[in-house]
Every structure is written in structure tokens, then in C-alpha cells.
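Report on the following structure.
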Amino acid sequence: MQLEKVYEPQRFEAHWAKWWEESSLFAADPSKPGEAFSIAIPPPNVTGSLHFGHMLEHTLMDMNVRWNRMSGKNVLWTPGMDHAGIATQMVVERDLAKQNISRHDLGRVEFEKKVWEWKEQSGGRIEEQMRQIGDSVDWTRSRFTMDEGLSRAVREIFVRLYERDLIYRGQYMVNWCPRCNTALSDLEVNHEDTAGSLWHVRYPVVGSDEFLVVATTRPETMLGDTAVAINAADERYVHLHGKTVRLPLVGREIPIILDDMADPEFGTGVVKVTPAHDPNDFEAGKRHNLPHVKVINEAGAMTAEAGAYAGLDRFEARKKVLGDLKEAGLLEKLTPHNLPISMCQRCRTIVEPLVSTQWFVKMKPLAAPAIAAVEDGSIQFIPANFANTYFEWMNNIRDWCISRQLWWGHRIPAWHCATCGKATVARVEPTVCAHCGSASIEQDTDVLDTWFSSGLWPFSTLGWPDKTADLDRYYPTSLLITGYDIIFFWVARMIFMGIECTGKIPFHKVYIHGLVRDAQRQKMSKTKENVIDPLVMTAKYGTDATRMSLLLGAPPGTDIIFTEDRMESSRAFANKIWNAARFLFLNMERAGVEAWVPAEQESYLPEPVNGVVTLEDRWIFSRLNACATQMNKALNSYRFHDAAQIVWTFFWREFCDWYVEMKKLKFEEGSGLNAHWRNILTVFESALRLLHPAMPFLTEELWQRLAAGHGRKASIAISVYPQPNGAADDEEAEQQMAQLQEIISSARNLRADAKLDPKEPLDAAIYAAGPVARLAEQQREAIERLANVKLTVSAADAVRTTGPMRSTPEFDLVLAVSAAQLGALKGRLEKEIVDLNKVIVSSERQLSNEDFLKKAPEKVLEGMRAKLADYHAQREKSLKALASLAGA
RNA sequence: GGACCCGUAGCUCAGUUGGUUAGAGCGCUUCCUUGACACGGAAGAGGUCGGUAGUUCGAGUCUACUCGGGUCCA
């Protein structure tokens, strides 16, 4: 059972990943017992590959899933991918463009085929990444949003919503991307503040010499103006009420309307109204019954309505319009003006507001129960403040434009009739128009917004709309883990779709993690080329170390700044554990101990050695129990960074630094499996189980070596998670151990301060009252070995030998050191006395405050008094030690 | 304009109902290659918890204001 000297995770990770899958360890079975615990993976875009942010998300999910599985729950973690409409289509089109092919060259059917090919290739990459990072998903239930079953779910809910009048088709202003050539939802548009200009243009008032000066940021749209608006309360323009103006360059006579959209404080207080090209103007147009003049088309070019400007690109047209206005003397001035410009989230093309016929979901009725579900706590956000973000959006929700002029996605299940013009919406492809019976019907060419299908994810993956055993057992899902960037896109939509489709909420808890940013705090993005492939990190540091560093740095909702330092320290931790195991295995061989593990239990008590339980055993079992208690509590309350920290401290600072060091002294060659061994192996094995959800590969590897062939479960992944057990608490052992640690540290500290060679054995004398003296006597070997001293134990009041002394309220420790080496000690003692003086003064001040004495709880008072007494005692001793040094 | 978050050691961050000398990792200083581990061990240095005012016997923790940084929505 020899282990390599250095932890080399690459040697075993792939092996266990493969074995876990082949052994079907993570396949869910709804017929098995146990409270259900289910998570649906946020489906990654099939085009992409997982980046480092995904690894954080997946690590958090996997830790939850593994912990719940080990805790006896019936666990399902559903993997899968999203077809990601626009994103995928763009990637494939870009790829085709390299061969000078456009999708129109291929035609819709062939193009879709190409995308499916791409999907196979790219999806495989994601699955490979998921296996490598240890995701314990149920691969047999892997889903894709364009699967047959999920597509059926999409059609089902579309038809239902349509029948309930919650889906409608209409002419509205939408965000149009001239490059993607499709409508976009409000969420798919990013706003960026840009330095622009405000042009002041003179519109001649008809029947007068007056001009009305209009301020605009988009002069090219003036060609489509059908009114100008002033505020009724604006005294400057009262005399123009009811008049008209002549639209420059076009010559059209348009009315001056009164509307609050004109803000007297802004610009000239006059605004042009272009109902066909601005959302506000569109609304104003409805209020005042204004005609639409569409001067920009879907490609972003000027239409025939733009007259002389027809055919020009919209930005070219702007230049020309401005030039012509200037020439005509109608351009009064321009002022610099910051304005938000709207860009396509995918390609950053400036979107054009256009009126077109689109499909919409009526949101108000769907939002109401979705808001209620979060308000009444049925769905809980962690951290809770993200509920505000959710409410903010849901309370101001607008109808959702769900049609996209793309080829890749779920085709809208509506058939338009050439005869009567009406639409037939159906679950199954109809042969005739439902309204007039005509056979000349054709399916709508649009597809649905990607988020329409991902909104169904928690239940469509479980078989909905059929009533399945999975749906029955695992829905609502237990937990959703996702980033705050898709609360609106996805979380909100799953909530209202879930309630609408199933009558139930889709999940009970929503855990929001932060984003992983680079060392410069930049969001990772492909365009910035700062995206990190998880597999690059796992290859370099090991998957477990990478996972650990993500967990440690990830309190709920806060971003992680990525640095490789973190990876290195976690790798050091993994290496530490590896070597602790290596040490155990080496010594087992020397002692003639065969591989052994205790019978599987949730908790253990230490076994006596020759009728007495040793201090180190009592202590470590007490600490193990504390660790199990805290781990379960932390995991239960979604404090994963705490959990990681707790198990780290236990394994390294307690098990390795102290327990193993003390146990070393008890090992004997050829001893065979004795109580010492059973105790240390029990603790080690339990610690591996505690650590497993965070570091699955390392713990599996070591556990298998430890437990090989002992009638245990096949894998640590399905062993029992350690649970709290009050009987293992041992307050006395913890106190004694703390005392012992202080004795050893004091001796080391004196030695270091005197700048002595750590290898040189020294004489040490300890002066202490009964209990501590007895402890020192009992633990003589540990003290002597760990501090490298020869120890004499004396009564507290015995005469001190001269030499550097270290004092605590419980004991004095004197080291035999020559006078020449004492210089450094003096300075330290003086500093210590100064520090003590400070805290004594502040404690005494507080203890003489009558309000404090009256109002503070007795427990706090007691603690304070005891502490003060200790400070005094310690100062006395330090003063004495200083005096004895001076005399030496 | 609305909402939210952050500001604690040189760096990255913990610090859950306010309570006794504020912690971790990295980095830094000194020493140590003693058969688990130098991806290690030992001993250290380093913080008036952004600022001001308030509530309280007591504030990193609560309140108000303020300065600085960030995110989302409009």
C-alpha cells in the first residue's frame, strides 16, 4: 500500500470519474426510499464549453448533491444542455461564413442539420468537462431543450397559454437587431452610456415666420416624424397650440400636439414624434392617433418613405440629413449629450426599434402568483436580498416578446391561413385551417425565444406534461443554484412557467452564487479572452484542489477574484492529506496492520488502550464530532465556504498537526492492529467522508486503498455522512489538550526567542498546581518530543531555577538557557507587559462602570472578571520573569 | 432616476441573532531538509474594521449622514 510521495491527481481522477459512471452510482431511482433531493442543472449553451464560472456552479451543486446522497436522501441531479437559439445560430453561421456559405444558401432544413451536427460535437466537449470536474449527475436522464419530449412540453404550454389568451400576436414596437435580423426581448438588449450629440433642428411653423426648435439625438428618424410635441403647461409655446409645422427636408405638414412626454426642462422643450422608430413615440402615437411612417427597414437601411435618402444605411443617412439641414440653415446648434445606446446582447449591433408583428406572452396574470410564491416564502432566495432584484423586475414586468426570426429553435406551433388570414394554434400539425377549413395553411416561420423552453426545464426534464414517476417523486425540485445574471432571464421565467404548467413552484430554494472574475476584476468573457477553461486548471492543480479553492472563496452571492495562489494553497492541502495517508500506510506496514476500516456508522467513540482512553484520542474524537456537527450545519444553511474552512482546519490543523504528531509516539513495530490503530484509522476514515463532497476524487482514491476488500460499500460516495453525536463531546479533554498545546508552544517560543538551534535538546522546568502538573507528568513524552526538551515537573510554589520564563495563569515554564542568549527575551517580555497594561486598564474601566454592572448579563460580567484576574496574574509573572532575567 | 452590494492585515477574503486581547489563506521576517509531507514544520511581524454622528453598559456587527468602488433595472 505504498503511496507516491507527491499528490498526483492526474493519475487517478479520470479512472474514478469513469468508474462512478459505469457503476451507475448516481442513477436516481424514484422507487427507492429516502426523502427526495433533486437539482436540475442550469443547462449550459450547447455551443460553448464550460468556463471557470460554470465550475464554481457545478462544484456547489455537486457538493450539495454528494452531501445529500451520503445523508440518505434519494437524490437526482439532472444534467443537460440548452439549444441557445441566437447564440448557437450565430456560432454556426460564423463557421459557415469561413467557407463563404450563408444559411440562405443552405436553406432552412439543411441549415438545421448543420446545427445538429455542431451540437453533437460541442455538447460532447461539455460532457467531458463535467466528468472531469466530478459532477455526480445521472447521465441516464440527460436532456436537451430540443429533445422530442421537451419540444412536446413547449408545444403543450404554448397552446395552453394561447387558449387562455395569455399568448397573443400583435403589431408592437420591438428591439430589432439588423445584423441578427430578428426581434429581441428587452432583456436581450444591453444599454451603454455613450457620448453623443443633441442636435437642435428648426421646424418652420406653418403660417408664420416662427420656427419650433426640436432637440433630437437621432436626426435621421425625423424623416418619419408625424408630429411634434410640446407640454401643455409650457408657457413659451401657448400661442402655438393647434398649429402645425412643416417637416424640413420632407415638406410634410404635421401637427403640434400637447403631451407630457415633452419635458419643458429638457432641451428646447419640444420633441419630435416618430411613432415608427421610438418606443415612447410609439406610445404617443397611440395616444394621439398618429400615422406611422417607416423610414428604416429591417436591415437598418432607409426605406422608400425616406425619399431622397432611400437605400442609405441609417448612419449614412444621419450624416446626409445633417448636411442637408445645415445647408438649409435649419440646424441651429448641437450640444454634447450622453445617451444610452441599446445594443444586441449577442453581436453588439445597435438595435433599431421597429414596429413589427410578433408573438407575446401577457405577463401580468402570470407574474402575480410568481410574485406571491416568493413573498410568502414558498420560494426562498439565498442570500435573501436577491428577492429584491426579483420583485423589482416582476413588479414592473412588461409583456414578453417570444418570437424570433431565426431558424434554430422551437418553431411556433401556429399555422397561418392564406384564405382567411387567421392563425390555427395546435399541439399537432393541422391539415386545414381551424377557422375556415382551407387547406392552404403554412406554419409560422418564427421560432421561440430560447428562454421559453428553458423556463420549463425543472419539469420538462422530468417528463411533463405526462404524469411520470420522476415528476411525482422529484418535483418540485429542492434547490436551484445559479448566478445573479440570469435571475430575470431564467429564474423568474421558471417560476411563473412552473406555477402555470404544474400548479406548483419549480424549486424551494434559489441559491445565488457570484461570478468568477479575473485578477483585474474583469468579468470573464470570450471577447476579452480572459476565459479560463476548467480543465486547464484541473490538469495543473488537480480537480479537488480547484474545487476546494472555489468553495473557500465563495460566500453566497459574492464574486470570486481568480488567482492561482488560491489553487496552490488548496493543492498544498490535498498534498497534506495525501501525505497523512501515506504516513499511515507506511506505519501500518511497519506495525503489521492490514487494511482496516471500522464498521460504517454515523459517529464513533474512542476505544481505550489498556483500559484507559488516551488524551489524544478523547480529544480528536471530540474534535471530529465538532467537525461533523459544524459541517452539517454549514451545509444545511448553504454556507459552503464555512464548510470548506471547517474541514480544512480539522484535517490539517488538528488531525495532522497535533493528533498524528502525538500518535506517532505510540506506534510500535509489529504491534499489529491495536486500539491506537483502530482509533486513528476510524478518525481518518471519518474525516475522508466529511471531506468527500468537496474533494471527491482524492477521498475516493484514499478510501478505496484504505477499505479495499472489507465488505464495505463500493464507494465512499455512497457511504454514510458523519453525524453529530453528543456522547463524543469531551470538554475536559479539549481543555487539557489546549493546556498541553500551550505548554509545548511556550517551550518552542522561548527557544525561538533565544535563537537556539531547534535540534539542541534543552532542560525545561514546569511549575504548576495539581491538575496541570499531573497533566504535564502524564504527557511528559509528548512535551519532551514535540518541544525537544528534558522536562522536570515541580509544584507551583517551588523555587524557580533562573532562566527565561514563560508564564500563563496556570503554569510557569523555565528553559535552561545561558545568560548570553537572553537578550531577545527581555524585549519580548517588556512588550508583553505593555500590552497587558492596556487591556487591564480597559477591563477595569469597564468593570467600574455602574451601568455596565447593572445591565450586562451575569455571564458576561463573570467572564470579564475572570479574564481580568488572569491579566493581573500574567502581568505579575511577566514582571517577575523580567526581574529574574535582569538578575541572571 | 430607482434598487442592491461592497469598503476589515501588503493582497484575496471570513467574521449568522451587538458581548470579553478581530481571524484564515497567500505574501513577508527568522530558523529547521529530524524517514508522511519544503505543495512541509516551528516561531513571528502586520489591522484606531472608509469617515462622521448617533443608539447602547458595550458597535467590525444596529441607525442616519457622508466619501469611495461596483452591479442591475429604467
Side-chain angles (χ1 to χ4, degrees), chain A residues 3 5-7 186-187 190-191 340 383 385-389 391-393 395-396 398 484-485 487-488 514-515 517 519 521 523 541-542 545 549 552-555 557-587 590 633-634 637 639 641-642 644-645 648-649 652-653 656-657 660-661 664 744-745 747-759 785-788 824 828 835-836 838-840 842-843 846-847 849-857 859-868 870-871 874:
Chain A
L3 289 189
K5 186 168 173 181
V6 174
Y7 159 69
D186 293 337
L187 285 178
N190 290 338
H191 305 276
N385 57 282
F386 282 104
N388 293 329
T389 308
F391 288 135
E392 180 72 13
W393 191 66
N395 286 324
N396 299 300
R398 293 166 53 186
Y484 52 74
D485 48 340
I487 290 180
F488 308 134
L515 305 180
R517 296 171 180 275
R521 294 175 176 274
K523 215 161 155 173
Y541 297 101
S549 68
L552 281 167
T558 50
D559 291 349
I560 292 187
I561 310 300
F562 172 85
T563 64
E564 293 207 26
D565 284 353
R566 291 170 175 298
M567 305 295 151
E568 281 176 15
S569 78
S570 294
R571 182 181 56 188
F573 175 66
N575 185 61
K576 185 75 187 177
I577 292 177
W578 182 262
N579 274 288
R582 182 163 178 263
F583 173 79
L584 288 181
F585 294 160
L586 285 171
N587 280 283
R590 279 185 204 131
K633 190 177 165 208
S637 43
R639 298 178 63 85
H641 63 298
D642 274 353
Q645 184 68 52
W648 174 303
T649 303
W652 197 330
R653 310 272 70 119
C656 292
D657 285 358
V660 170
E661 289 304 319
K664 261 181 195 174
I744 292 167
S745 298
R748 287 168 171 172
N749 171 291
L750 284 173
R751 178 195 292 273
D753 280 353
K755 306 214 180 298
L756 297 178
D757 184 348
K759 282 172 305 208
R785 293 287 289 276
L786 298 184
N788 194 22
R828 147 165 299 282
D835 286 348
L836 281 167
K838 276 189 221 153
V839 289
I840 286 172
S842 96
S843 302
Q846 196 164 10
L847 277 171
N849 181 329
E850 279 190 31
D851 280 330
F852 174 66
L853 295 174
K854 250 189 298 189
K855 295 184 183 171
K859 213 176 113 190
V860 172
L861 285 177
E862 258 173 46
M864 189 83 139
R865 288 198 187 100
K867 211 73 191 176
L868 179 61
D870 280 358
Y871 297 152
Q874 215 169 311

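The figures here come from the full heavy-atom set of this structure, side chains too, leaving out hydrogens, waters and symmetry mates. Here is the naming used below: chain letters follow the sequence lines, and residue numbers restart at 1 for every chain.
Remark: the separation of the P atoms in B/G15 and B/G19 is 14 Å, to the nearest Å. The gap from the P atom of B/G7 to that of B/C39 amounts to 34 Å, rounded to the nearest Å. Nucleotides B/A3 and B/U21 place their P atoms 39 Å apart, quoted to the nearest Å. Nucleotides B/G41 and B/G50 have their P atoms positioned 32 Å apart, rounded to a whole Å.
Of the side-chain N and O atoms in A/Ser745, one or more sit less than 4.0 angstrom from OP1 or OP2 of B/A43. Within the structure, every side-chain polar atom (N or O) of A/Thr389 is placed at least 4.0 Å from both OP1 and OP2 of B/U71. Side-chain N/O atoms of A/Arg398 include none lying less than 4.0 angstrom from OP1 or OP2 on B/C73.
Side chain of A/Asn575 to main chain of A/Arg571: no donor-acceptor pair is present (N/O by atom type, distance under 3.5 Å, no hydrogens or angles).
Residue A/Arg653 places its side chain closer to B/G41 than to any other of B/G41, B/A14, B/G2.
In terms of the salt bridge (Lys or Arg N to Asp or Glu O under 4.0 Å) criterion, A/Glu392 has no residue partners (sequence neighbours excluded).
Surrounding CZ of A/Arg653 are more than 12 heavy atoms belonging to other residues, nucleotides or ligands, all under 6.0 Å away.
Ring geometry for A/Phe386 versus A/Tyr484: interplanar angle under 30°, hence parallel rather than tilted (30 to 60°).
A/Leu515 has its side chain within reach of A/Lys523: a pair of non-hydrogen atoms, C-beta onward, lies under 4.5 Å apart.
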If a protein heavy atom is under 4.0 Å from the base, mark B; if only from the sugar-phosphate, S; if neither, -; do that for nucleotides 26-38 of chain B going 5' to 3'.
S----SSS--BB-

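RNA chain B contains the following stems of three or more consecutive Watson-Crick or G-U pairs, with both distances under 3.5 Å: B:1-7 with B:67-73, B:10-13 with B:23-26, B:28-32 with B:40-44, B:50-54 with B:62-66.
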